[in-house]
Amino acid sequence: MQHLDNNKQHNTMTVDLLLGLQWGDEGKGKIVDVLTSKYDIIARFQGGPNAGHTLEFDGIKHVLRTIPSGIFHKNAINIIGNGVVIDPVVFQKEIEGLAKFNMDVTAKLFISRKAHLILPTHRLLDAASEASKGKAKIGSTLKGIGPTYMDKTGRNGLRVGDIELEDFKERYRTLADKHEAMIAFYDVELQYNLKEMEDEFFTAVEDLKKLTFIDSEEYLNKALKEGKSILAEGAQGSLLDVDFGTYPYVTSSNTTAAGACTGLGIAPNKVKDVFGIFKAYTTRVGSGPFPTEDFKEAGQTMAKVGNEFGSVTGRARRCGWLDLVALKYAVQVNGVTQLYMMKGDVLSGFDTLQVCTGYNYKGQTIQHLPYNIEPENVTPIFTEMKGWKADLTGMTTYDELPQELKTYIEFIEKEVEVPIKVISVGPDRKQTIMK
Ligand code: GDP
Ligand code: IMO
Ligand code: MG
């Protein structure tokens with residue numbers, strides 16, 4: 001931990017990105033929190049309350065949704081970027097949840113005026129769309145993410161800055177009325193009281209106004225010129241990216257490195273390191289293909305030991321072995337410079353481990369993620385490795401780790417061609433080993 005806290009000097013005037021390389025829930029929140037002492041600013045660049053980023057320290061466990069994971073550090077400024085979608089109702093609850101920590105949130109949390117607002121009717125549209133899809137549903141978190149990004153790209157959305165306009169309520173009404181007609185079009189049964197939802201929304205909007213709205217791209221670029229360092233925090237994971245993920249079973253934003261540029265207004269040549277976070281195995285919540293999913297004992301053990309239940313919806317996460325084909329793909333798309341391996345402790349106890357090193361695709365062995373990775377097209381090819389028994393959760397140095405785990409780490413580094421710099425052996429801040 002010592003080396004994580006060294007001074008900020010070498011980081012000045014740069015932006016580093018931190019993002020998930022799998023299907024989300026890799027442990028991004030924990031690592032952002034661990035790294036925050038090295039940065040002046042933490043900036044979330046996409047997603048919204050579909051995210052659940054868990055932090056643990058001093059016996060406290062806390063889940064953040066829209067607020068950047070640097071919020072618990074005294075000096076860091078936290079920014080919600082233009083690429084994020086905000087639900088004032090969820091946000092209000094998040095702020096209330098921070099009250100017990102005795103911090104002045106307004107002094108260190110700023111929101112982009114260009115971030116889009118999730119309306120109550122966006123949530124209803126999400127529910128209607130999913131209900132109409134039946135078995136083919138995405139397994140959305142139903143937070144209104146898809147419909148809000150649709151309105152953004154469709155150029156109909158409302159933004160945080162609109163709250164400051166005199167005719168905000170009229171603009172709201174026009175869009176909400178349109179949504180109601182669309183909900184009727186879906187012809188599915190939805191129980192809701194829009195009036196109640198709207199009252200809650202407008203109360204939350206009033207609360208949101210207590211925070212400072214900024215032109216975040218201006219703020220961030222000025223900060224860079226002043227020599228400040230920025231860590232951009234991603235949500236979800238690369239395999240949920242709307243372009244590069246397992247479409248249509250994805251989220252509606254660019255979760256990959258490019259999303260940080262568009263979601264914050266930071267130019268690509270300002271980006272220095274890209275930290276890619278991955279679990280030592282794989283999980284996925286919601287529908288969609290998952291080649292290395294394990295339906296037998298191994299998958300159940302990972303779920304149990306890893307406590308794999310969604311931090312937002314509580315849904316059980318599907319579990320399976322590490323997929324190096326998918327990991328290499330994510331590393332390539334993001335330009336990952338450093339890997340952070342999470343939850344290695346969960347794999348303690350297995351006699352052997354399986355690692356996917358190729359796909360059997362239509363009778364051929366391939367090493368990339370093809371257009372159609374559905375189970376009927378793709379079968380994973382596994383390499384077997386020796387497991388380890390030792391409990392890792394109390395270990396603090398790389399030397400202490402069992403040899404079989406070191407072999408596992410070296411194998412991944414060789415296949416993926418990027419160094420693993422950090423090994424996480426438990427949910428707490430302190431359970432973080434630098435290599
Ligand atoms: P995020 O969305 O990427 O921030 O990840 P989540 O918070 O949704 O899920 C990660 C879960 O794993 C949380 O419950 C964390 O507290 C927990 N976690 C993070 N790192 C580790 C680790 O190294 N070992 C174990 N056992 N749990 C971890
Ligand atoms: P963090 O940031 C894991 C999944 C949902 C669903 C799909 C689309 O905590 O890693 P959406 O609500 O975006 O329309 O859902 O994406 N999903 C996540 N899975 N972690 C997340 O965020 C997720 N955010 C969305 O389960 O399959
Ligand atoms: Mg999560």
Side-chain angles (χ1 to χ4, degrees), residues 18-34 44-57 60-66 68-69 84-85 87 118 122-123 125-127 129-130 137-150 233-242 245-253 255 277-290 302 304-318 340-348 391-393 395 422-433:
L18 183 146
L19 32 85
L21 300 180
Q22 295 161 321
W23 280 288
D25 302 329
E26 297 89 351
K28 300 175 292 290
K30 167 182 165 162
I31 296 299
V32 171
D33 172 58
V34 167
R44 251 288 285 276
F45 62 83
Q46 46 68 238
N50 49 347
H53 294 180
T54 315
L55 289 71
E56 275 194 50
F57 55 89
I60 296 162
K61 179 177 168 173
H62 196 80
V63 182
L64 294 165
R65 313 285 298 278
T66 325
S69 303
V84 177
V85 290
D87 184 336
I118 301 177
H122 282 133
R123 274 187 272 143
L125 278 169
D126 216 356
S129 167
E130 284 285 81
K137 70 171 188 201
I138 308 292
S140 160
T141 60
L142 301 179
K143 302 299 170 204
I145 305 295
T148 305
Y149 279 114
M150 277 166 74
E233 174 179 4
Q236 289 81 53
S238 301
L239 302 177
L240 287 171
D241 182 281
V242 67
T246 46
Y247 192 89
Y249 300 100
V250 293
T251 191
S252 298
S253 64
T255 59
I277 315 293
F278 73 104
K279 277 180 192 166
Y281 49 102
T282 312
T283 65
R284 168 161 212 175
V285 58
S287 330
F290 178 180
M302 292 168 195
K304 202 168 145 232
V305 180
N307 192 23
E308 295 296 357
F309 294 93
S311 28
V312 172
T313 56
R315 289 180 293 174
R317 295 178 185 143
R318 301 152 63 190
Y340 285 39
M341 189 173 92
M342 312 300 290
K343 298 189 108 166
D345 55 300
V346 175
L347 292 186
S348 290
D391 177 2
L392 313 179
T393 55
M395 297 186 182
V422 170
I423 296 111
S424 172
V425 292
D428 195 273
R429 242 184 214 173
K430 293 204 180 92
Q431 292 170 304
T432 312
I433 298 176

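Both counts, for ligands and for their atoms, begin at 1 and track the order of listing. Note that the structure is predicted; figures quoted are calculated from it, not measured.
Neither the backbone nor the side chain of Arg284 has a heavy atom within less than 4.0 Å of ligand 2. Only the backbone of Val425 comes within 4.0 Å of ligand 1, counting heavy atoms alone; no side-chain atom from C-beta on gets that close. With a 4.0 Å cut-off on non-hydrogen atoms, Thr313 does not touch ligand 2 at all.
Closest to atom 20 (N) of ligand 2 among all protein heavy atoms lies Asp25 OD1, 3.1 Å. Atom 7 (O) of ligand 1 has Thr54 OG1, 2.5 Å as its closest protein atom, hydrogens excluded (heavy atom only). With respect to atom 14 (O) of ligand 2, the closest heavy atom belonging to the protein is Ser140 OG, 3.2 Å. The protein atom (non-hydrogen) at minimum distance from atom 27 (N) of ligand 1 is Lys343 CE, 3.3 Å. The nearest heavy-atom contact from the protein to atom 4 (O) of ligand 1 is Gly29 N, 2.8 Å. Nearest non-hydrogen protein atom to atom 5 (C) of ligand 2 is Gly139 O, 3.6 Å. Taking atom 8 (C) of ligand 2 as the reference point, the nearest protein heavy-atom neighbour is Val250 O, 3.4 Å. From the protein, the heavy atom lying nearest to atom 16 (O) of ligand 1 is Pro427 CB, 3.4 Å. Among protein heavy atoms, atom 10 (C) of ligand 1 sits closest to Asp25 O, 3.7 Å. The protein non-hydrogen atom at the shortest distance from atom 27 (O) of ligand 2 is Val285 O, 3.1 Å. Remark: minimum distance from atom 2 (O) of ligand 1 to any protein heavy atom is reached at Gly52 O, 2.9 Å. Protein heavy atom in closest approach to atom 23 (O) of ligand 1: Ser424 OG, 2.5 Å. Closest protein heavy atom to atom 26 (N) of ligand 1: Asp345 OD2, 2.7 Å.
Checked against a 3.5 angstrom limit, the closest N/O atoms of Gly27 and ligand 1 fall inside it. Of the polar atoms of Lys61, none of the N or O atoms is found under 3.5 Å from an N or O of ligand 1, judged by distance alone. Looking at ligand 2, you'll find an N or O of Gly52 within less than 3.5 Å of one of its N or O atoms. Of the polar atoms of Met342, none of the N or O atoms is found under 3.5 Å from an N or O of ligand 1, judged by distance alone. When only interatomic distances are considered, the shortest N/O to N/O separation between Thr141 and ligand 2 falls below 3.5 Å. Considering backbone and side-chain atoms together, Gly426 places an N or O closer than 3.5 Å to an N or O of ligand 1. Some N or O of Asn50 is nearer than 3.5 Å to an N or O of ligand 2, by distance alone. When only interatomic distances are considered, the shortest N/O to N/O separation between Asp126 and ligand 2 does not fall below 3.5 Å.
Look at Ala235 and the Mg ion (ligand 3): no N/O/S atom of the residue is under 2.8 Å from the metal.
With contacts defined as side-chain heavy-atom distances shorter than 4.5 Å, the pair Val32/His53 does not qualify. Taking the side chain as every heavy atom from C-beta outward, Trp23 and Thr283 never approach each other to under 4.5 Å. Contact annotation: the side chain of Ile118 approaches that of Pro49 to within less than 4.5 Å [non-hydrogen atoms, C-beta and beyond]. Contact of the Leu240 side chain with the Ser253 side chain is not registered, since no non-hydrogen atoms from C-beta on lie closer than 4.5 Å. At least one side-chain heavy atom of Phe45 sits under 4.5 Å from a side-chain heavy atom of Leu19.
When distances from the Mg ion (ligand 3) to the N, O or S atoms of Asp25 are compared, OD1 comes out shortest.
Distance alone, capped at 3.5 Å, is enough to place a donor-acceptor pair between the Gln46 side chain and the Ala235 backbone. Here the side chain of Lys143 pairs no donor or acceptor atom with the backbone of Gly48 at under 3.5 angstrom. For Gln22 (side chain) and Phe278 (main-chain N/O), no donor-acceptor pair under 3.5 Å exists by modelled atom type. Panel note: side chain Thr432, backbone Arg429; a donor-acceptor pair is recorded below 3.5 Å. Checked by atom type and distance alone, the side chain of Lys30 pairs as donor or acceptor with a backbone atom of Asp428 at under 3.5 Å. Under the 3.5 Å distance criterion, the side-chain polar atoms of Ser238 are matched with a main-chain donor or acceptor of Gly20. Using a distance-only test at 3.5 Å, with no hydrogens or angles considered, a donor-acceptor pair links the side chain of Glu233 to the main chain of Ser69. In this structure, the side chain of Arg317 does not engage the main chain of Asp25 through any donor-acceptor pair within 3.5 Å. Of the possible polar contacts, none joining the Tyr247 side chain to the Asp241 backbone as a donor-acceptor pair under 3.5 Å is found.
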Query raised in the report: Does the side chain to side chain donor-acceptor pair (under 3.5 Å) test come out yes or no for Gln236 and Thr255, once each step is laid out?
Result: CA-CA 6 Å; Gln236 289 81 53; Thr255 59; over 6 Å; no
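When each atom of ligand 2 is checked for a heavy atom of Ala235 under 4.0 Å away, the hits are 2 (O). Ligand-side atoms of ligand 2 in range of Ile138: 8 (C), 27 (O), range being under 4.0 angstrom from any heavy atom. Within ligand 2, counting atoms from 1 as listed, the ones closer than 4.0 Å to a heavy atom of Arg315 are 5 (C), 26 (O). In the vicinity of Trp23, heavy-atom distances shorter than 4.0 Å reach the ligand 2 atoms 3 (C), 19 (N). If you number the atoms of ligand 1 from 1 as listed, the ones under 4.0 Å from a heavy atom of Glu56 come out as 16 (O). Close approach of ligand 2 to Gly286 (heavy-atom distance below 4.0 Å) involves ligand atoms 27 (O). Ligand 1 places these atoms under 4.0 Å from at least one heavy atom of Lys30: 20 (N). Near Ala51, with a cut-off below 4.0 Å to any heavy atom, the atoms of ligand 2 are 1 (P), 2 (O), 9 (O), 22 (O). Within ligand 2, counting atoms from 1 as listed, the ones closer than 4.0 Å to a heavy atom of Thr251 are 11 (P), 13 (O).
The two atoms that bring Val346 and Met302 nearest to each other are CG1-O, 3.9 Å, heavy atoms only.
The shortest heavy-atom distance from Gln236 to ligand 2 is under 4.0 Å. In this structure, Arg317 is part of the shell of residues with a heavy atom less than 4.0 angstrom from ligand 1. Assignment of Lys28 to the shell around ligand 2 is supported, since a heavy atom sits closer than 4.0 Å. Contact analysis leaves Gly237 out of contact with ligand 2, as no non-hydrogen atom separation drops below 4.0 angstrom. No heavy atom of Gly306 sits closer than 4.0 Å to any atom of ligand 1.
The structure places CZ of Arg65 at 7.5 Å from OG1 of Thr141, a figure rounded to the nearest 0.5 Å.
Of the options Leu240, Leu19, Leu239, the smallest heavy-atom separation from atom 18 (C) of ligand 2 is shown by Leu240.
A salt bridge links Asp87 with Arg123: the closest approach of a Lys/Arg side-chain nitrogen to an acidic carboxylate oxygen falls below 4.0 angstrom.
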